[in-house]
Amino acid sequence: MSFKTISIIGLGYIGLPTAAVFASRKKKVIGVDVNQEAVDTINRGQIHIVEPDLDIVVRAAVVGGYLRATTQPEPADAFLIAVPTPFRSDRNGDHEPDLSYIESSSKSIAPVLKKGDLVILESTSPVGTTEQMAGWLAAARPDLTFPQTHGEASDIRVAYCPERVLPGHVVKELLENARVIGGMTRKCSDCAVELYKIFVQGECFVTDARTAEMSKLTENSFRDVNIAFANELSMICDKLGINVWELIKLANRHPRVNILQPGPGVGGHCIAVDPWFIVSAAPEEATLIRAARKVNNSKPFFVLKKIKTAVQKFKSPKIACFGLAFKANIDDLRESPSLGIVREIAAEKLGEIMVVEPFIEALPDVLSAFANVQLVDVETALQEADILVGLVDHSQFREMALSDLKEKIVIDTRGMWK
Ligand code: SAJ
């Protein structure tokens with residue numbers, strides 16, 4: 001099968017880089033997004049998200065005439081759906097996946113599907129979503145046949161292929177990472193492998209759609225559980241007066257131990273979300289995965305308590321918060337525990353707050369609304385603050401020379417100022 005035109009539905013953190021790398025292989029790529037502003041930005045050869053090197057690849061793709069964005073789906077040989085799958089809280093405080101974006105994307109491409117097309121779901125999804133998507137497509141196009149009813153003989157091929165790229169390294173990891181490809185039939189998988197081989201240099205491992213869906217959720221839950229272990233250790237060590245970073249370093253010298261790093265909590269839009277998809281599918285069985293989520297969600301409150309204790313030592317405390325991003329060396333503030341902590345100390349009026357975040361130019365709205373919060377540079381924060389709170393281990397913060405700290409209280413949630 002030859003793929004002349006490839007359409008990517010959803011031009012966000014995954015869809016846009018994917019569209020651009022297909023285009024860089026001289027494929028005609030049609031990017032589809034409901035956000036007109038994003039579409040216009042891309043068509044100017046610019047990007048609406050921040051990711052190293054992505055601007056160069058997108059500009060080249062648009063200028064070369066290989067990538068074009070639109071709000072309306074058009075016919076193509078392959079469709080990749082890369083839209084968000086958020087969750088909504090249910091009555092028990094657990095979380096239900098929200099598949100409405102996948103549903104609306106499937107319904108929007110259904111009218112332009114033709115015999116022989118391939119549809120791939122890339123969005124992180126609960127087990128069974130690919131079959132559900134195929135069901136939506138089949139209901140909208142009774143004139144075409146689909147794998148769930150016609151197996152290998154179907155007109156349309158359907159597969160699930162999760163992305164696994166690390167924000168901040170997306171362009172490199174898209175090319176180099178191995179891919180798990182779960183077709184609804186063997187032919188569906190083979191067809192999807194052929195598509196990804198256009199740019200993927202890593203290995204493509206074939207499985208069924210449900211295993212591929214679970215594989216993505218498992219990878220992020222594995223990380224969440226392991227970070228929860230580190231975060232729990234940090235709270236235990238605080239109680240016992242032990243330096244958790246030294247402890248982890250020592251324990252990790254054991255040949256079969258590899259503990260991750262504690263922090264102020266787990267942020268981003270993947271690791272703090274995906275485990276809930278497993279919990280919601282198997283609530284009675286997923287006890288460890290649920291507990292890990294709770295441990296990680298509790299960590300910002302532990303940090304807040306530390307700050308509240310520290311401010312009591314000063315009449316009018318000045319608190320410097322180092323970092324707002326959800327992790328080191330990126331500008332992404334989404335689901336950031338650090339941002340949540342700063343917002344809380346601002347709302348509780350614990351003192352004058354100085355935020356140092358070299359990756360942003362202005363405070364986000366949730367903070368600029370507070371009169372007691374300012375964005376400052378490292379020097380001002382170090383000179384003026386009574387309390388230094390290390391929230392994000394940006395390289396610049398790690399390398400800071402912290403000599404004159406006599407009167408200051410240091411709360412280092414990342415172990416960067418050892
Ligand atoms: N974190 C810690 N301690 C650690 C490692 C991370 O506290 O030792 C925190 C980070 O500070 C951050 C959060 O965890 O707040 C998540 O960061 P991350 O670097 O672990 O992961 P993400 O969310 O940037 O990307 C993850 C990756 N998944 C895995 O590593 C298993 C990536 O490969 C996935 O593609 C991505 O989720 C996704 O899109 O699902």
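What's counted below: heavy atoms across the whole structure, side chains too, no hydrogens, waters or symmetry copies. Read the numbers this way: they start at 1 and go in the same order the structure lists the ligands and their atoms.
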Pairs under 3.5 Å, N/O atoms on ligand 1 and on the protein: can you put them in a table with the distances?
residue, atom, partner, partner atom, Å
ligand 1, 3 (N), Gln261, O, 2.7
ligand 1, 8 (O), Gln261, N, 2.9
ligand 1, 8 (O), Gln261, O, 3.4
ligand 1, 11 (O), Phe326, O, 3.3
ligand 1, 11 (O), Arg414, NH1, 2.9
ligand 1, 11 (O), Arg414, NH2, 3.1
ligand 1, 15 (O), Gly267, N, 2.9
ligand 1, 15 (O), Phe326, O, 2.7
ligand 1, 19 (O), Lys327, NZ, 2.9
ligand 1, 20 (O), Arg223, NE, 2.5
ligand 1, 20 (O), Arg223, NH2, 3.3
ligand 1, 24 (O), Lys327, NZ, 2.7
ligand 1, 28 (N), Asn220, OD1, 2.8
ligand 1, 33 (O), Arg164, O, 2.8
ligand 1, 35 (O), Glu163, OE1, 3.3
ligand 1, 35 (O), Arg164, O, 3.2
ligand 1, 35 (O), Val165, N, 3.1
ligand 1, 35 (O), Val165, O, 2.7
ligand 1, 39 (O), Glu163, OE2, 2.8
ligand 1, 40 (O), Lys216, NZ, 2.5
ligand 1, 40 (O), Asn220, ND2, 2.7

Would you mind writing out the side-chain donor-acceptor pairs for residues 195-205 within the sub-3.5 Å range, not counting sequence neighbours?
residue, atom, partner, partner atom, Å
Tyr196, OH, Glu122, OE2, 2.6
Lys197, NZ, Gly202, O, 2.9

Using the ring-ring contact (aromatic ring centres under 6.0 Å, His included) rule, collect all pairs that involve residues 321-372, keeping only residues at least two apart or in two chains.
His269-Phe326, Phe322-Phe397, Phe322-Trp417, Phe359-His394
Output, in order, the C-alpha distance, side-chain angles, deciding distance and verdict of side chain to side chain donor-acceptor pair (under 3.5 Å) for Asp224 and Ser221.
CA-CA 5 Å; Asp224 196 46; Ser221 298; over 6 Å; no
Side-chain H-bond candidate by donor/acceptor type, Glu163 with Thr18, under 3.5 Å
no
Anything under 3.5 Å between a donor and an acceptor, one on a side chain of residues 253-265, the other on a protein residue two or more places apart or in another chain? List them.
residue, atom, partner, partner atom, Å
His254, ND1, Arg256, N, 2.9
Gln261, OE1, Trp245, NE1, 3.4

Run the salt-bridge test on Arg44 and Asp40 with the 4.0 Å N-O cut-off and return the result as yes or no.
no
